[in-house]
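For the numbers below, each heavy atom of this structure counts, side chains included, while hydrogens, waters and symmetry mates do not. Keep in mind that what you see is a predicted model, and the values were worked out from it rather than measured.
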Amino acid sequence: MFLKFLPLFDRVLVERCAAETVTKGGIMIPEKAQGKVLQATVVAVGSGGRGKNGEIQPVSVKVGEKVLLPEYGGTKIVLEDKDYYLFRDGDILGKYVD
């Protein structure tokens with residue numbers, strides 16, 4: 001899916017979901033009042049990090065999965081005029097299951 005950037009080791013590249021601008025009741029939320037979006041979609045993953053015995057530990061998420069991010073952290077990357085964030089696999093708090 002994403003050919004221009006491949007994360008190394010245990011890094012995960014994610015795209016944050018869009019913030020909601022309208023409540024369920026139809027009220028418009030101003031940009032300053034919108035909270036930081038903590039849900040993201042995994043765009044690319046690295047091959048995994050090395051464990052204590054030298055074996056490669058695979059990354060715990062796959063491309064296309066929805067994950068929960070910490071409020072702070074990650075490295076912002078701009079590719080093709082879109083904002084992406086690079087996180088370590090261990091920094092991701094969880095993943096959403098259908």
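One hydrophobic cluster, built from ILVMFWY side chains closer than 4.5 Å, holds both Leu86 and Leu79. Under the 4.5 Å side-chain heavy-atom criterion for ILVMFWY residues, a single connected hydrophobic cluster contains both Leu38 and Tyr96. Leu8 and Leu13 are not part of a single hydrophobic cluster, where members link through side-chain heavy atoms under 4.5 Å apart.
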Please tabulate, for the side chains in residues 51-58, all donor-acceptor contacts under 3.5 angstrom to protein atoms that are two or more places apart in sequence or on a different chain.
unit_1	atom_1	unit_2	atom_2	d
Asn53	OD1	Glu55	N	3.3

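Within the 4.5 Å cutoff, the side chain of Val67 has heavy atoms near those of the Val42 side chain. In this structure, the side chains of Cys17 and Thr41 come closer than 4.5 Å at one or more pairs of heavy atoms.
When the salt bridge (Lys or Arg N to Asp or Glu O under 4.0 Å) test is applied to Asp10, the partners found at least two apart in sequence or on another chain are Arg88.
Each of Leu69, Val43, Val14, Thr75 was evaluated against Tyr85; a single residue qualifies, Val14, per the side chain to side chain contact (heavy atoms under 4.5 Å, CB included) test.
To the nearest 0.5 Å, atom CG of residue Asp91 and atom OH of residue Tyr72 are 15.5 Å apart.
Sequence neighbours left out, the pairs with a member in residues 65-79 that pass salt bridge (charged side-chain N to carboxylate O under 4.0 Å, His left out) are Glu65-Lys95, Lys76-Asp83.
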Report the C-alpha separation of Ile92 and Leu68 in whole Å, then their side-chain angles, then the decisive distance to 0.1 Å, and conclude whether the side chain to side chain contact (heavy atoms under 4.5 Å, CB included) test is met. CA-CA 6 Å; Ile92 294 174; Leu68 180 66; 6.0 Å; no

